K.L.:
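Got a structure for you, questions after.
Counting starts at 1 for both ligands and their atoms, in listed order. Given the structure is predicted, the values throughout are model-derived calculations rather than measurements.
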Amino acid sequence: MRKPIIAGNWKMFKTVPEALAFAAEVKGKAEVDGVDSVICAPFTNLPALVEALKGTQVKVGAQNLHFEDNGAFTGEISGLMLKELGVEYVIIGHSERRAYFAETDEIVNKKVLAAFKHGLTPIVCVGEKLEEREAGQTKDVCRVQTLGAFEGVSAEQAVQVVVAYEPIWAIGTGKSSTADDANEVIGYIREQLAGKYGAAVADAIRIQYGGSVKPGNIREYMQQSHIDGALVGGASLEPASYIQLVEGAK
Ligand SMILES: O=C[C@H](O)COP(=O)(O)O
């Protein structure tokens, strides 16, 4: 039985006081037994959020890391630095990073390995663009991105990875993939992982759906056989909405 996981991706939103106000609101509320709850915040918020959420079931994640531990990489943050702060999760390969910061499957893979090196749980994003969906390439794109990300990842590590299937055309657009469609693609991703690691490992890997998930549609996704939670952008920014998402994942 896979434990559902709701991860909020705040993207480039919230100052430190705003993050702290959010933490105060969700404490004791976005904490549902049997559901993992994670807030992936901008780097500047991480120390304050780790402190504010200490002892709660709401964990803190980053939205990116560099694959090296240190070096002349102006503006970058390493897994070593995140771990030092008490961060537990890190989003890797979000489509916005692939599109605006030229992240390739190879870079995504190096980042996944770097996350493991520092004991961080990677949330690995895969998903197709609208034109790829229209050209019937959804599964091919997801297969290549998924297997690329898991290159050199052991079976023991693989079961800890969280995969987030996010069709790019559904992100922030209000156009969500139907639950059936998302389940079919996620089932296919699981099949690819089964081909690499065997069914028992693939069955243990949590795969989220992401793309215009809200309190009003979370239950629909959670009812699907392969969907184990959601990576949520816009609807994770308001405490009340985030709390409902975590409750809806039960
Ligand atoms: O990481 C989250 C996704 O990009 C989804 O964003 P959204 O929920 O605003 O569509």
K.L.:
Using a strict 4.0 Å cut-off to heavy atoms of A170, name the atoms of ligand 1 that fall inside it.
P.N.:
10 (O)
K.L.:
Within the 4.0 Å heavy-atom shell around L231, which atoms of ligand 1 are there?
P.N.:
1 (O), 2 (C)
K.L.:
Within the structure provided, determine whether Y89 and D36 are in side-chain contact (heavy-atom separation under 4.5 Å).
P.N.:
yes
K.L.:
Closer than 4.0 Å to some heavy atom of E166 - which atoms of ligand 1 meet that?
P.N.:
1 (O), 2 (C), 3 (C), 4 (O), 5 (C)
K.L.:
Going by heavy atoms, is K214 under 4.0 Å from ligand 1?
P.N.:
no
K.L.:
Do S236 and N9 meet the criterion of a side-chain donor-acceptor pair at a distance under 3.5 Å?
P.N.:
no
K.L.:
Looking at CZ of F67 and NZ of K117, how far apart are the two atoms once the value is rounded to the nearest 0.5 Å?
P.N.:
11.5 Å
K.L.:
How far is atom 8 (O) of ligand 1 from its nearest protein heavy atom, and which residue and atom name does that atom have?
P.N.:
G233 N, 2.9 Å
K.L.:
Taking heavy atoms and a distance under 4.0 Å, where does N9 meet ligand 1: side chain, backbone, both or neither?
P.N.:
side chain
K.L.:
Checking contacts here: is it the side chain or the backbone of S236 that comes within 4.0 Å of ligand 1, counting heavy atoms only? Could be both or neither.
P.N.:
neither
K.L.:
Considering only NZ, NE, NH1 and NH2 on the basic side and carboxylate oxygens on the acidic side, decide whether K139 and E184 come within less than 4.0 Å.
P.N.:
yes
K.L.:
Can you list the ligand 1 atoms lying under 4.0 Å from a non-hydrogen atom of G234?
P.N.:
7 (P), 8 (O), 9 (O)
K.L.:
So if I count the atoms of ligand 1 from 1 in the order they appear, which ones are less than 4.0 Å from some heavy atom of G211?
P.N.:
5 (C), 10 (O)
K.L.:
Between H94 and E96, is there a donor-acceptor pair closer than 3.5 Å when you use the side chain of the first and the backbone of the second?
P.N.:
yes
K.L.:
Before accepting this row, confirm whether a basic side-chain N of the pair K3/D228 lies closer than 4.0 Å to the acidic partner's carboxylate O.
P.N.:
no
K.L.:
Looking only at N/O atoms, are T173 and ligand 1 under 3.5 Å apart anywhere?
P.N.:
no
K.L.:
Do W169 and E131 meet the criterion of a side-chain donor-acceptor pair at a distance under 3.5 Å?
P.N.:
no
K.L.:
Out of all atoms in ligand 1, which are within 4.0 Å of some heavy atom of G172? Include the element for each.
P.N.:
7 (P), 9 (O), 10 (O)
K.L.:
Would you call the rings of Y242 and F22 parallel, tilted or perpendicular if under 30° counts as parallel and over 60° as perpendicular?
P.N.:
tilted
K.L.:
Is S212 near ligand 1, meaning one of its heavy atoms is under 4.0 Å from it?
P.N.:
yes
